[in-house]
Structure formats: C-alpha cells, structure tokens
Amino acid sequence: MDTNAFVTGTVFVLGFLLVGFLIARSAREPGQSDRPARRSKRRTKHLDPLPEPISIAEIAQAEAEELDLSAIRNSAGLPLTAMLKTWHRDATPSMKAAARSSLQWTLIDGVETTDATPETLNLRWISEPSNQE
C-alpha cells in the first residue's frame with residue numbers, strides 16, 4: 001500500500017468532516033445549543049434576586065415621607081397626591097431648604113380637606129423669612 005496515497009486520503013476525509021461540521025454549526029440559530037452554557041450559569045448564580053415590585057402609591061408615600069410633607073401645618077386629612085403635586089409646583093428653593101414648621105397648606109374657601117386637589121391647595125409661608133445674611 002502506498003503511504004502517500006493513504007495520508008492524502010485521510011487528510012481529505014478529515015477535511016471533509018471538518019467542513020461538514022462547520023457548516024452544520026453555522027446553520028444553527030445563534031445562542032441555540034444542545035446543552036446550556038456553563039458560563040451563563042456561573043453568571044446568574046451570583047446575581048441578586050429581583051426586588052419585589054412596588055406600587056405607585058408606595059413610591060408616592062416614600063417620597064412624601066422623604067420630603068416630610070406631613071410636618072407642614074394643616075396637612076392632616078389632605079390627600080397625598082394633592083400634597084405632592086402642590087409641593088412640586090409651589091415649593092421654592094428657600095421653602096425646600098426651610099424647616100417644615102414654617103410652612104402651611106392653604107385651601108380655597110369652601111373646599112373640604114379630603115376633597116383637596118392640586119388646583120385647590122397652595123403651599124405658603126406661615127411668616128415669610130427675612131433675607132438677612
């Protein structure tokens with residue numbers, strides 16, 4: 001048997017198998033495999049679980065607590081949404097920096113506190129601070 005012909009035939013068969021394997025791999029959809037990738041398992045193992053979803057009402061409550069809106073005079077019974085919207089509309093930089101005890105909520109005459117809306121509620125100074133520096 002001729003050794004040169006044997007080596008040439010073997011290289012040809014191996015080359016044919018390699019080309020067939022590469023064509024079969026490229027025909028697959030990206031990311032599709034027979035077994036899950038080990039790398040992605042290692043990555044997801046170290047991730048923190050997703051936090052529990054919170055509602056818009058809980059977000060509004062947290063913002064109101066952070067701004068300490070309940071410490072403003074006449075806040076008892078006012079709807080949270082009305083206070084937040086009015087705060088963002090009426091609060092000046094000096095009001096935001098001031099003690100909440102120097103501010104007050106005022107309603108338009110004839111409106112009950114539970115029926116307050118941003119249109120009927122205003123944020124005012126109890127007594128305007130002097131600009132002495």
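Note that the coordinates shown come from a computational prediction; the quantities given were computed from them, not determined experimentally. Side chains included, hydrogens not; waters and symmetry mates left out as well; all remaining heavy atoms used.
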[atom1]/[X] to [atom2]/[Y] distance, rounded to the nearest 0.5 angstrom?
X	Y	atom1	atom2	answer
M83	L67	CE	CG	10.5 Å
R124	N74	CZ	CG	12.5 Å
I56	Q61	CD1	CD	14.5 Å
T86	E119	OG1	CD	8.0 Å
H88	L123	NE2	CG	11.5 Å
S102	M95	OG	CE	8.5 Å

Discussion item. Quick one, N122 with D90, criterion side chain to side chain contact (heavy atoms under 4.5 Å, CB included). Give me CA distance, side-chain angles, the key distance, then yes/no.
Written reply: CA-CA 7 Å; N122 293 303; D90 292 352; 3.8 Å; yes
Worksheet item: Given the rule in the side chain to side chain contact (heavy atoms under 4.5 Å, CB included) test, do L107 and L78 qualify, once you have shown the distances and angles that lead to the verdict?
Response: CA-CA 10 Å; L107 279 169; L78 289 174; 4.2 Å; yes
Item to complete: Provide the closest heavy-atom pair for S75 versus L69 in the form atom of the first, atom of the second, distance.
Response: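 Looks like CB-O, 3.8 Å.
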Worksheet entry | Closest heavy-atom pair and its distance - P79, A116 | CG-O, 3.5 Å
Practice prompt. Could you tell me whether a side-chain N or O of E58 sits under 3.5 Å from a main-chain N or O of S55, the two making a donor and an acceptor?
Written response: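 Answer holds: yes.
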Worksheet entry | Residue from T106, I126, L103 passing side-chain contact (heavy atoms from CB on, under 4.5 Å) with R73 |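 So the option named by the test is I126.
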Worksheet item: Does the side chain to side chain contact (heavy atoms under 4.5 Å, CB included) test come out yes or no for V19 and I23, once each step is laid out?
Response: CA-CA 6 Å; V19 169; I23 290 172; 3.8 Å; yes
Discussion item. Assess the residue pair K96 and W87 against the criterion (side chain to side chain contact (heavy atoms under 4.5 Å, CB included)); give the C-alpha distance rounded to whole Å, side-chain angles, the decisive distance to 0.1 Å, and a yes or no.
Written reply: CA-CA 9 Å; K96 291 177 182 178; W87 172 263; 3.6 Å; yes
Worksheet item: Taking only residues two or more places apart in sequence or in another chain, which ones pass side-chain hydrogen bond (donor to acceptor under 3.5 Å, both in side chains) with T120?
Response: T117
